[in-house]
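Along the sequence shown, residues are numbered consecutively beginning with 1.
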Amino acid sequence: MTTATTTNTASGGQNTKPLGELLLDAGLLSEEHLQSALSEQSAHGHRRLLGEVLVEMQLVTVDQVAEVLAQAYGVPFAKVSPKIADPKVIEVLPREFLEDHNVLPLFQVRGKLTVALPEPSNLFLIEEVEKITGMQVQIVAATVHDIQQTLQAYLPNANVFVIDEFVDDIQPKDFALVEKQVTDLANLEEVAGHSPVVKLVNYLIFSAVQEGASDIHIEPDDGKLRVRYRVDGRLYEKITPPHQMHPAVVSRIKIMSQLDISERRVPQDGGIHVLLEGRPIDLRVSTMPGKHGEKVVIRVIDNNKIMVNLEKLGFSYEMLQRFKTALQHPNGIMLVTGPTGSGKSTTLYSALAQINNPEVNISTIEDPVEFNLPGVNQFQVNDKAGFTFAGALRSLLRQDPDIVMLGEIRDGETARIATQAALTGHLVLSTLHTNDAPSAVTRLYNIGVEPYLVAASLRAVLAQRLVRKICSTCKEPTDPPAAMKRTIEHTIGKIETFYRGAGCSKCRNSGFSGRIGIFELLVPDDAMLDAISRGAQLHELRELIRDDDYVTLSRDGMEKVKAGLTTVEEVFYATVA
């Protein structure tokens, strides 16, 4: 044990104050907020650390918790990142050790090794580091998140690309390549690695993440190349690079996603893992041959943007309580319905996070796995290898799960196995593509589930859409046409003020920033279950829910118009078929 380490840990040993008191002393937390967090921790049976509860309640940040603890233990706090770590020094410890213990060697000076740890009071870990490296160790404190992101930037991985330190603005001269189209495969692969091509592809990924885009569309036309981003569900043109760059850009993306650059006649699918500003971003790549060349669509999956908190999705208080109650069922099927891009996966992830605890076995079958949920067993289907939804579900049921999440019920076989699982003591969550909640019932009929089995297993159906939120920066009152106003007020009553976004630089002059969900929750009562068991058709089911208490998608959308969150046009766009 070194002198520096002994001093650090000795001062830590003198610290007897709990975290709450340390934050109070530092002026980072009020007594009222501390008591609120302690009550929340107690309500969950003390299964989470106080620091985790405080961060989740947004009362303090992760950095503030780490810094206060570091000060209490007498060690420096460091905001570590790939830019301050020495890649050669990281190699002094085995990869498995680094990942298992969240240890980050930073640099070595005169035989002393500086190491970042999330728990500077862990004497046994410090001694183990000294034993393995044979060096004296100086400790600094850092957050687990920062340590993991820095490790991911430097640990060997054949398919991780670091996207950082880019140009602020693109200049046409930066992308001057060649005067003629590149067609030779060897030359194409070489050009794909040239600076202008790499720079353009990196910029597209970088700016898409910065702007919150969900997709990047690279579209060749006759003598033109267009790049569009999908932001808040709508496409807009970002940049038009020189058309001659198209083959090299596509090849660069294929190389990054480990696709065959020589194959241009059939569609291909792949993935890219990048690190941007120290955090991992997953990209799903799809190529499709077209008249003027291959079109590429890159789906951006940014884990930082995926909410896993039901309270933040846009539910009304009453609907949220009913949905949470439905999640407490020990068995049965719960479905989330809506078109592609309506936020179904986010809702399912949030539901799983709500009910996840050490006493239950939660497993998912997805295609692909879009978000990593701690404490949940996640499996990705592979149709080419024969690992289908139905086959995976059949095998998973032999693994003793309590709760199963299926990414989608696609066919009759999967639907029947899911129904059997629901009837034999499992809670099954999944998605369907239907226009509203009652349509999910008839959809199950149509893919081969007997009506009496639907009635016996169905617990709830949540239909949803996403609508754009009015930009808070340029929000202003507006006066819709009289006929539209009368129609709306007939549905939900008088609205004092309607709002719209005037358009500003923050929202790219669109008047909108971000999206929120609108929902329709069907929890079948005894009368509806009787009708379902008889094979009731859609019009009969809709008659059974036609009352003042049932909230349709349109009605929930209009409530959000009344609250000034979105516009009438957005609700009509999302709900009117």
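Here the side chains of Leu69 and Phe77 are not in contact, with every heavy-atom distance at 4.5 Å or above. Under the 4.5 Å side-chain criterion, counting only non-hydrogen atoms from C-beta, Val523 is not in contact with Phe323. Residues Thr337 and Asp436 are not in side-chain contact: their nearest non-hydrogen atoms beyond the backbone lie 4.5 Å or more apart. With a 4.5 Å cut-off on side-chain heavy atoms, Val231 and Arg508 count as touching. Residues Ser350 and Leu313 have side chains in contact (heavy-atom distance under 4.5 Å, counting atoms from C-beta outward). Side-chain atoms of Val568 and Ile488, non-hydrogen and from C-beta on, do get closer than 4.5 Å to each other. Annotation: side chain of Leu151 is not in contact with side chain of Gln148 (no heavy-atom distance under 4.5 Å). Proximity of Ile147 to Thr143: side-chain heavy atoms (C-beta onward) are nowhere separated by under 4.5 Å.
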TODO: Go through the steps to decide whether Thr61 and Val55 satisfy the test side chain to side chain contact (heavy atoms under 4.5 Å, CB included), and finish with yes or no.
DONE: CA-CA 5 Å; Thr61 66; Val55 171; over 6 Å; no
TODO: Go through Glu489 and Lys562 one step at a time and tell me if the salt bridge (Lys or Arg N to Asp or Glu O under 4.0 Å) criterion holds.
DONE: CA-CA 10 Å; Glu489 293 181 347; Lys562 188 174 184 178; over 6 Å; no
Open item on the list: Go through it in stages, so that I can follow the logic: the residues are Phe519 and Val551, the test is side chain to side chain contact (heavy atoms under 4.5 Å, CB included), and I'd like the CA-CA distance, side-chain angles, deciding distance and then a yes or no.
Closed with: CA-CA 8 Å; Phe519 303 95; Val551 179; over 6 Å; no
Task: Test side chain to side chain donor-acceptor pair (under 3.5 Å) applied to Gln354 and Tyr349, step by step - done: CA-CA 9 Å; Gln354 174 74 29; Tyr349 282 134; over 6 Å; no
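Side-chain contact check for Glu520 and Tyr550: at least one donor-acceptor pair (N or O, by modelled atom type) lies under 3.5 Å. Using modelled atom types and a 3.5 Å distance limit, the side chains of Asp282 and His273 yield a donor-acceptor pair. Looking at Asp400 and Asn361, their side chains never bring a donor and an acceptor atom within 3.5 Å of each other.
By the neighbour-count criterion of 12 heavy atoms within 6.0 Å, atom CD of Glu119 is sparsely surrounded, having that number or fewer from other residues, nucleotides or ligands. More than 12 non-hydrogen atoms from other residues, nucleotides or ligands lie less than 6.0 angstrom from CZ of Phe379.
Seen from the ring of Tyr236, Arg228 does not count as a face-on cation partner, given the 6.0 Å and 45° thresholds. For Arg322 and Phe315, the positive end is not near the middle of the six-membered ring at less than 6.0 Å and at most 45° from its axis.
Arg230 contributes atom CZ, which lies 4.0 Å from atom CG of Leu235 (distance to the nearest 0.5 angstrom).
For Glu211, the salt bridge (Lys or Arg N to Asp or Glu O under 4.0 Å) criterion is met by Lys238, not counting sequence neighbours.
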Could you go through residues 464-475 and list every donor-acceptor pair under 3.5 Å that involves a side-chain atom there, pairing it with any protein atom two or more places apart or in another chain?
{"unit_1": "Gln464", "atom_1": "OE1", "unit_2": "Thr347", "atom_2": "OG1", "d": "2.7"}
{"unit_1": "Gln464", "atom_1": "NE2", "unit_2": "Ser342", "atom_2": "O", "d": "2.7"}
{"unit_1": "Gln464", "atom_1": "NE2", "unit_2": "Gly343", "atom_2": "O", "d": "3.0"}
{"unit_1": "Gln464", "atom_1": "NE2", "unit_2": "Thr347", "atom_2": "OG1", "d": "3.3"}
{"unit_1": "Arg465", "atom_1": "NE", "unit_2": "Ala574", "atom_2": "O", "d": "3.3"}
{"unit_1": "Arg465", "atom_1": "NH2", "unit_2": "Asn435", "atom_2": "O", "d": "2.7"}
{"unit_1": "Arg468", "atom_1": "NE", "unit_2": "Glu570", "atom_2": "OE2", "d": "3.0"}
{"unit_1": "Arg468", "atom_1": "NH2", "unit_2": "Glu570", "atom_2": "OE2", "d": "3.0"}
{"unit_1": "Lys475", "atom_1": "NZ", "unit_2": "Gly564", "atom_2": "O", "d": "2.9"}

